[in-house]
Amino acid sequence: MLDSAIAIIGLPAVGKTTLTMQLGRLPGRRVFRLREHVPETILAATATSAERLGWIDDLTVTMALRSYLDSVVDDNTVHTVLFDNFPGSGQQVHIFLSTVRKLAPTCLVHPVELVAGPATLNRRIRDRRVCHRCERDPIHDPRLPAVPSPADSRRCARCNNILHPRRGDAPRLFSARMRRYRQTAEGIREAFTSAGITVLQLESNNPPDQIASEFIALLTTRSTPS
């Protein structure tokens with residue numbers, strides 16, 4: 001039975017996917033990434049356009065989210081879903097909350113916004129790489145951060161394939177992603193606040209293990225009755 005829906009939002013390169021990958025390995029947890037549940041044609045149309053970068057229409061969002069939640073709400077092995085970089089707009093917050101409340105009315109919703117300084121963001125953009133062999137992305141645009149080999153940082157630790165920069169980290173596209181988040185962030189916060197839900201903030205300048213521990217502690221404190 002689904003107990004918690006945790007929305008993890010924040011600027012590009014702030015560490016959302018790294019965090020959800022780490023926490024998603026724990027028992028009872030699953031990760032929802034919208035792009036993994038929408039048609040390839042929609043992904044392809046928005047992958048490289050700075051104007052439409054990642055934009056997915058509300059009907060597609062609603063159908064993808066409903067289908068995914070239908071598959072996990074009655075799964076006794078799942079108690080928490082981590083939503084990586086979702087919701088991405090105020091309207092998506094409304095879709096998210098209405099869908100969760102309809103399919104899992106007792107589920108607690110926790111939005112967490114990761115924040116980090118410019119130096120951390122710039123370092124992560126510069127250093128992160130993806131693996132085209134390990135991540136079989138439907139439009140050949142892998143997003144998940146790869147772990148470099150200790151012997152050769154240019155190669156993947158899992159398959160030894162050459163690692164590549166993420167397409168969305170190209171200056172033009174990254175600037176568009178930063179601009180879009182700054183334009184939509186306040187609407188996301190306001191939509192949660194208007195529903196009586198506080199958006200928690202967590203500094204993500206520290207190493208991944210420490211961020212994960214601080215994240216769990218933050219939610220534990222928030223969920224503990226006063």
Side-chain angles (χ1 to χ4, degrees), residues 1-34 54 61 65 68-69 72-73 78-121 123-124 143-145 177-226:
M1 182 175 179
L2 189 61
D3 296 324
S4 299
I6 304 173
I8 302 176
I9 61 174
L11 287 166
V14 79
K16 302 179 294 293
T17 299
T18 298
L19 179 62
T20 58
M21 287 174 64
Q22 187 158 357
L23 295 176
R25 300 188 190 105
L26 299 174
R29 291 167 172 81
R30 298 290 185 273
V31 178
F32 173 84
R33 297 185 180 91
L34 179 60
V61 170
L65 182 63
Y68 179 81
L69 287 177
V72 298
V73 291
V78 180
H79 58 71
T80 299
V81 174
L82 303 152
F83 292 80
D84 181 0
N85 198 32
F86 185 85
S89 68
Q91 180 59 28
Q92 287 185 7
V93 172
H94 296 306
I95 294 170
F96 173 62
L97 293 178
S98 63
T99 305
V100 170
R101 287 167 176 168
K102 183 173 184 178
L103 298 180
T106 62
C107 178
L108 297 178
V109 174
H110 300 285
V112 179
E113 182 176 21
L114 300 185
V115 295
T120 298
L121 299 178
R123 173 175 52 79
R124 288 176 179 163
R143 302 294 181 89
L144 304 182
R177 291 166 59 210
M178 291 286 281
R179 183 167 58 252
R180 183 179 64 182
Y181 184 76
R182 291 189 172 113
Q183 291 170 345
T184 60
E186 190 57 36
I188 295 171
R189 299 185 197 106
E190 288 180 355
F192 276 119
T193 300
S194 67
I197 300 172
T198 301
V199 178
L200 308 176
Q201 285 198 335
L202 177 65
E203 292 279 350
S204 66
N205 294 298
N206 295 316
D209 288 347
Q210 185 173 342
I211 297 169
S213 297
E214 293 170 350
F215 181 88
I216 293 172
L218 178 68
L219 290 183
T220 302
T221 301
R222 184 69 185 179
S223 302
T224 302
S226 55

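Worth knowing before you read on, the calculation uses all heavy atoms, side chains too, and leaves out hydrogens, waters and symmetry mates.
- Atom OG1 of Thr184 and atom CZ of Arg189 lie 9.0 Å apart (nearest 0.5 Å).
- A donor-acceptor pair is defined here as one N or O able to donate and one able to accept, closer than 3.5 Å; such a pair exists between the side chain of Asn205 and the backbone of Gly117.
- Across every non-hydrogen atom of Pro145 and Thr17, the tightest pair is CD-CG2, 3.6 Å.
- The minimum heavy-atom distance between Ala195 and Leu97, with the atom names listed, is CB-CD1, 3.6 Å.
- Val14 is listed as a side-chain neighbour of Leu121, based on a closest heavy-atom distance under 4.5 Å.
- The backbone N or O of Leu114 sits nowhere less than 3.5 Å from a side-chain atom of Lys16 that would complete a donor-acceptor pair.
- The CG atom of Leu2 sits 11.0 Å away from the CZ atom of Arg30 when rounded to the nearest 0.5 Å.
- Looking at every heavy atom in both residues, Glu214 comes nearest to Glu203 through OE1-O, 4.0 Å.
- Using a 3.5 Å distance cut-off with no hydrogens or angles, the side chains of Thr20 and Arg33 do pair a donor with an acceptor.
- The aromatic rings of Phe83 and Phe32 are tilted relative to each other, their planes meeting at an angle between 30° and 60°.
- The distance from the CZ atom of Phe192 to the CG atom of Leu200 is 10.5 Å, given to the nearest 0.5 Å.
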**Request:** Verify side chain to side chain contact (heavy atoms under 4.5 Å, CB included) between Leu82 and Leu19, making sure each step is shown before the conclusion.
**Result:** CA-CA 10 Å; Leu82 303 152; Leu19 179 62; over 6 Å; no
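- Contact detail for Ser204 and Ile211: the closest heavy-atom pair is O-CD1, 3.4 Å.
- Of all heavy-atom pairs spanning Asn85 and Gly10, the tightest one is OD1-O, 4.3 Å.
- In this structure, Glu113 CD and Tyr181 OH are separated by 3.5 Å, a value rounded to the nearest 0.5 Å.
- Rounded to the nearest 0.5 angstrom, Thr80 OG1 and Leu23 CG are separated by 10.0 Å.
- At a threshold of 4.5 Å between non-hydrogen side-chain atoms, the residues Asp209 and Gln22 count as touching.
- The shortest side-chain heavy-atom distance between Val31 and Met21 does not fall under the 4.5 Å cut-off.
- One distance of note links CD1 of Ile9 with CG of Asp84; it measures 12.0 Å at 0.5 Å rounding.
- The two atoms that bring Ile95 and Leu65 nearest to each other are O-CD2, 4.0 Å, heavy atoms only.
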